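This is a predicted model, so every value here is computed, not measured. Numbered from 1 within each chain, the chains take letters A, B, ... in sequence-line order.
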Number of protein chains: 2
Amino acid sequence: MVLQNLTQTENVPSRRRYEDACGTAHALDLIGERWALLVMRELMLGPKRFSDMRADLPGISANVLTQRLEGLERAGILVRRQLPPPASGQVYELTEWGYQAKPVMGALGRWATRSPGHDPSRHLSPVSLMLSFQAMGQPALTKGLDATILFRLGRETYTLRFADGAIDAQRGAAEHPDLVFTGTAPAVAAAVYGGVPLEVLEAEGALKLEGDRALAARFVTLFPLPPKASLPG
Amino acid sequence: MVLQNLTQTENVPSRRRYEDACGTAHALDLIGERWALLVMRELMLGPKRFSDMRADLPGISANVLTQRLEGLERAGILVRRQLPPPASGQVYELTEWGYQAKPVMGALGRWATRSPGHDPSRHLSPVSLMLSFQAMGQPALTKGLDATILFRLGRETYTLRFADGAIDAQRGAAEHPDLVFTGTAPAVAAAVYGGVPLEVLEAEGALKLEGDRALAARFVTLFPLPPKASLPG
DNA sequence: CGGCATCCGGGAAGATACTG
DNA sequence: CAGTATCTTCCCGGATGCCG
């Protein structure tokens with residue numbers, strides 16, 4: 001019994017798709033399934049392997065990750081690529097169109113931080129942290145800042161560059177960073193979004209700083225969270 | 001047996017929530033369920049009744065709509081309001097925070113129209129159409145335009161105003177419109193996004209125009225769709 | 001290890017019918 | 001008009017096992 005597991009091609013009408021001309025509705029047909037947008041998030045700063053994505057998406061199961069990768073590939077949002085030897089294996093990489101969803105995720109995330117239920121002290125993946133800096137950075141505060149900061153977060157390293165008022169995040173290590181943070185993403189988030197003093201995090205061993213400490217002190221003030229929406233009731 | 005139908009309060013950990021500090025993930029906890037974002041879309045231009053929303057969201061079932069409205073109310077995104085007599089009954093209305101999701105939906109919709117699978121000739125609700133104008137309007141094209149256009153779409157009427165390069169959409173009829181379209185939302189979309197000439201739609205009886213026809217001719221050119229993403233494979 | 005196939009239990013979504 | 005009640009379908013999540 002062949003069971004026809006072709007999980008929805010574009011032309012098969014499904015009760016689970018909206019089939020609406022509205023762009024927003026179509027977006028949900030593309031990325032509205034559970035985990036889909038978070039899978040894209042993890043690829044936003046460069047290609048990743050299956051198992052690395054699984055590690056950074058706590059709670060996702062292997063078969064769901066497989067299904068989402070298939071769906072996003074079919075939609076043209078990402079591609080699967082064979083790595084050349086010796087690092088062989090395959091990675092998943094967003095297409096140019098897939099990368100263009102970055103500002104959408106930024107806008108969505110900024111909106112959601114106004115939720116009374118948003119708690120910045122929970123789990124955070126390294127990619128989420130770096131993207132949050134790009135999403136939450138205030139031009140008025142970063143204006144004139146010219147600096148390079150390195151983040152060593154577990155097995156991943158990222159570089160954040162401030163230049164001309166813009167914020168750029170990249171995977172990998174810059175050559176001559178002004179400042180290096182070593183620790184976990186939630187620890188950095190505690191400093192930036194939770195208001196926990198850097199000294200406390202250092203004393204706890206949760207975070208290590210090397211380099212320009214004045215820059216670190218300024219850095220943690222650059223990403224103010226918007227005011228919470230008040231619950232009417 | 002009381003059956004405990006408390007469908008997820010904020011503190012009960014659920015396998016179905018991401019429980020992540022990432023703003024994007026939290027957004028999905030708030031509005032990631034099926035239909036949630038489209039329910040918000042229908043309220044974006046003002047409050048609505050239960051049955052009107054049901055009519056404009058083809059395919060949603062009454063119980064799912066009930067659940068979404070409950071969830072969005074609990075999240076603080078909308079409120080339920082009693083209408084004063086004689087128009088009694090109740091309506092649902094976005095909170096100030098809920099209305100702030102408008103640019104998010106615009107960005108999402110704009111991104112999704114680049115999908116090869118997006119088909120602007122499908123069903124479209126009146127609200128979707130009006131929001132699409134705000135989302136897709138090009139400042140370079142609308143610059144200097146000062147005009148008021150009325151849309152009579154079934155039982156709903158909307159006013160679109162161009163002024164100072166901005167586009168404003170409101171429910172209800174303006175006093176002295178320069179142009180009036182009467183028909184259905186998909187018919188207007190066919191003219192604006194499908195490239196169907198206005199004369200053809202008029203000849204078919206799908207659309208009626210009254211007023212400044214030169215304005216109509218310009219109007220249909222103001223919202224170019226972005227180029228499709230090419231499928232790599 | 002990396003990825004896919006399969007089976008299972010629970011629960012969300014969909015369809016229909018019904019009620020105040 | 002504004003929802004419940006009920007039943008069915010099928011997606012999600014977990015576990016296991018296969019294969020290169």
Side-chain angles (χ1 to χ4, degrees), chain A residues 1-8 12-19 25 28-29 31-39 47-74 78 80-83 85-92 155, chain B residues 1-8 12-19 28-29 31-39 42 47-73 78 80-83 85-93 155:
Chain A
M1 180 169 170
V2 186
L3 186 46
Q4 290 289 68
N5 198 12
L6 36 96
T7 9
Q8 262 347 297
V12 176
S14 164
R15 251 149 250 81
R16 293 313 235 254
R17 300 183 72 233
Y18 299 108
E19 301 286 358
L28 296 174
D29 281 339
I31 56 169
E33 288 174 305
R34 200 163 154 71
W35 292 108
L37 201 56
L38 302 186
V39 168
K48 275 197 177 184
R49 300 168 173 272
F50 186 94
S51 48
D52 289 327
M53 304 183 67
R54 229 193 130 174
D56 289 327
L57 293 169
I60 198 172
S61 60
N63 56 8
V64 170
L65 180 53
T66 301
Q67 286 173 36
R68 289 304 160 270
L69 291 170
E70 281 171 4
L72 292 172
E73 185 174 19
R74 226 181 4 250
L78 58 79
R80 178 190 305 229
R81 205 158 49 94
Q82 282 296 332
L83 285 180
S88 55
Q90 60 187 347
V91 291
Y92 296 87
R155 60 197 193 299
Chain B
M1 176 165 171
V2 187
L3 185 46
Q4 292 288 72
N5 199 10
L6 35 95
T7 6
Q8 265 341 299
V12 177
S14 163
R15 251 152 250 78
R16 292 313 236 253
R17 300 182 72 235
Y18 299 109
E19 301 286 358
L28 296 174
D29 282 338
I31 56 169
E33 288 174 304
R34 200 161 156 70
W35 292 108
L37 201 57
L38 302 186
V39 169
E42 287 305 315
K48 276 196 174 183
R49 298 167 175 275
F50 187 95
S51 47
D52 287 328
M53 305 183 68
R54 227 191 132 177
D56 288 328
L57 292 170
I60 198 171
S61 59
N63 53 9
V64 170
L65 180 53
T66 301
Q67 287 173 37
R68 288 305 158 272
L69 290 169
E70 282 172 2
L72 292 172
E73 184 175 22
L78 58 79
R80 177 191 306 228
R81 203 158 51 92
Q82 281 296 331
L83 284 180
S88 56
Q90 60 188 347
V91 291
Y92 296 87
E93 181 169 23
R155 63 197 190 298

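When the side-chain nitrogen and oxygen atoms of A:R80 are compared with OP1 and OP2 of C:dC4, one or more of them lie within a distance under 4.0 Å. A sub-4.0 Å separation between OP1 or OP2 of C:dG14 and a side-chain N or O of A:Y18 is absent. A close approach under 4.0 Å does not occur between any side-chain nitrogen or oxygen of B:Q67 and OP1 or OP2 of C:dA12. Between B:W35 and C:dG14 there is a side-chain N or O to OP1 or OP2 distance below 4.0 Å. Look at B:S61 and you won't find any side-chain N or O under 4.0 angstrom from OP1 or OP2 of C:dA15. Remark: A:Q90 is not in phosphate contact with C:dG2, judged by side-chain N or O atoms under 4.0 Å from OP1 or OP2. Remark: B:R49 is in phosphate contact with D:dA2, judged by side-chain N or O atoms under 4.0 Å from OP1 or OP2. Between A:R16 and the phosphate of C:dA12, there is no side-chain N or O to OP1/OP2 separation shorter than 4.0 Å.
Contact annotation for A:R54: no contact, since no heavy-atom pair falls under 4.0 Å across all strands.
Between B:Y18 and A:W35, the angle of the ring planes goes over 60°, which puts this pair in the perpendicular group of the 30/60° scheme.
Which of C:dC4, D:dT4, C:dG14 sits closest to the side chain of B:R34 comes down to C:dG14.
Axis angle, first five pairs versus last five pairs of the helix from C:dC1-D:dG20 to C:dG20-D:dC1: 30°, rounded to 10°.
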Task: Sugar-phosphate or base contact per nucleotide [nucleotides 15-20 of chain D; S, B, -; heavy atom under 4.0 Å] - done: B-----
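A residue-by-residue look at B:I60 and A:S51 shows that A:S51 has its nearest nucleotide of DNA chain C further toward the 5' end.
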